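Data first, discussion second: the structure below is written as structure tokens.
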Number of protein chains: 2
Amino acid sequence: MRRKLTPRGRERRDQLMECGARLFAERGYHPTSVADVVAALGVGKGVFYWYFASKEELLTELLKASNHDLRKRQQQAIGEEADPVRRIELGIRASLGWFAEHREYFAIIQFAATDETFAPVLARNREIAIADTIRHLKDGIVDGRIADRDPALLAHAIHGVVAELTRHSLVEGNLPLDEVADLCVAFCLEGLAG
Amino acid sequence: MRRKLTPRGRERRDQLMECGARLFAERGYHPTSVADVVAALGVGKGVFYWYFASKEELLTELLKASNHDLRKRQQQAIGEEADPVRRIELGIRASLGWFAEHREYFAIIQFAATDETFAPVLARNREIAIADTIRHLKDGIVDGRIADRDPALLAHAIHGVVAELTRHSLVEGNLPLDEVADLCVAFCLEGLAG
DNA sequence: GAGAATGTTGACCGTGCGGTCAAGTCCGGC
DNA sequence: GCCGGACTTGACCGCACGGTCAACATTCTC
């Protein structure tokens, strides 16, 4: 890994990250070797270690970059919306939409959660997302729009629904995204209540 | 791996599984070597391959055994309860309770979900659990107690809440189990509705 | 166009892993 | 008391992996 990157260098780095993301998603992190990554790009092994200090660093960078991108999308989606309940809904929809367009990352993030080397990065990402949700929930509780229950647990519950429905629709589903998103929002807002 | 196991043999097998479960949970599957497992037990490497055809098989057996145990507990908890909504509630509470008592398995299952070798076993386990939930949901929908929405998606939503709150309460939480279970049930039944 | 900085190569190294096996020990049944 | 099958040992094998590096190529800078 070196400091100064020319445009050419930045492109190579992006190629390596894209390639790594794809392979990690397809075969998993441990089963994918650095040799696989560089072979897929048709370059020598040294190239990898010019841009990354280690295989570990590549995954860490992928996690950071993807989280940054997802958050950007959520913030754009929520925009200036004032209604806290609607803010939660827009956040949920943005999340489902982003993963639908970046399927590779779901598997990568799920693996990273199980490895103590990467769990900290992920835990931090999640903490931030949960904190956002908690803020909206508290606003909604003050407004009397949301039941007065532990906002932290509610936030985790919402994230759990989103995570599992994301997984289901990516891995097993052939359902239209909107349908899943609608149910996801309806379930979070109303539960099973008929 | 051999056919006939004497009582002594069965005990060794159980020791290996217990030991493997602990180490896989603590350090992860790939980073834990067969040498680590047998060393923790103070026996030679050959012992492992007498009882298991491969490291892979050990994990597979762990997944099967744990799922069997969890399901048994759920069935006992639900018993003869007739009310479908209450059946769902009892199932949720049984699940949270089981994981609280078998923390090791949460990490193991989460990893297995990310590895294409083990994903099929897990997918099958999940399918069965989801099918159970769907049955209760359909009963509830007929009764008019549950909203008439896609039962499959609802089932996944419930499982998502349970999974994430389980994770939260095991990994981050110092909250009493009952409190988490209460909120989990309340959220699933009523959503965020205030 | 010299020289520095950036980028690239691929053979090579050490290590640790999953798995094997020939040899031996333990123990129940006869 | 010995036979055979259940069980154990640990040195060993082959290999693939993460990472290094000296040499070379390209591109920037003045």
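Remember, it's a predicted structure, so these values are computed and weren't measured experimentally.
Residues of residues 25-36 of chain B having a heavy atom closer than 4.0 Å to DNA chain C, listed by number: B:T32, B:S33, B:V34.
In this structure, CZ of B:R13 is placed 14 Å from P of D:dT8, rounded to the nearest angstrom. Look at CH2 on B:W50: it is 17 Å from P on C:dG24, rounded to the nearest Å. Regarding B:E57, its CD atom lies at a distance of 14 Å from the C1' atom of C:dG18, rounded to whole Å. As rounded to whole Å, 12 Å separates atom P of D:dC7 from atom CD of B:Q15. To the nearest angstrom, P of C:dG19 lies 13 Å from CZ of B:F52. Remark: P of D:dT27 and CZ of A:R12 are 12 Å apart, rounded to the nearest angstrom. Rounded to whole Å, the distance from OH on B:Y51 to C1' on D:dT9 is 13 Å. As a whole-Å value, the separation of B:K45 NZ from D:dG10 P is 13 Å.
When each of A:E56 and B:V43 is assigned the nucleotide of DNA chain D bearing its nearest heavy atom, the one mapping closer to the 5' terminus is B:V43. Residues B:K55 and A:G44 each lie close to DNA chain C; by heavy-atom proximity, the contact nearer the 5' end of the strand is made by A:G44.
Salt bridge absent: B:R124 and B:E127 never bring a charged side-chain N and a carboxylate O closer than 4.0 Å. Salt-bridge check for A:R73 with A:E101: passed, with a basic side-chain N closer than 4.0 Å to an acidic carboxylate O. Using a 4.0 Å cut-off between charged side-chain N and carboxylate O, A:R87 and A:D139 make no salt bridge.
Ring planes of A:F111 and A:Y29: parallel class, angle under 30° (limits at 30 and 60°). Ring orientation note: the planes of B:F52 and B:F48 are tilted relative to one another, at an angle of 30° to 60°.
For A:R8, the listed nucleotide lying nearest its side chain is C:dT8; candidates were D:dG19, D:dT8, C:dT8.
Between the side chains of B:E164 and A:H156, at least one donor N or O sits under 3.5 Å from an acceptor N or O.
Within 4.0 Å of B:G46, counting heavy atoms only, lies at least one base atom of the nucleic acid.
Taking 4.0 angstrom as the limit, A:T6 places a side-chain polar atom (N or O) nearer than this to OP1 or OP2 of C:dG7.
Cation-pi contact between B:K55 and B:Y49: absent, since separation from the ring centre below 6.0 Å together with deviation from the ring axis within 45° is not met.
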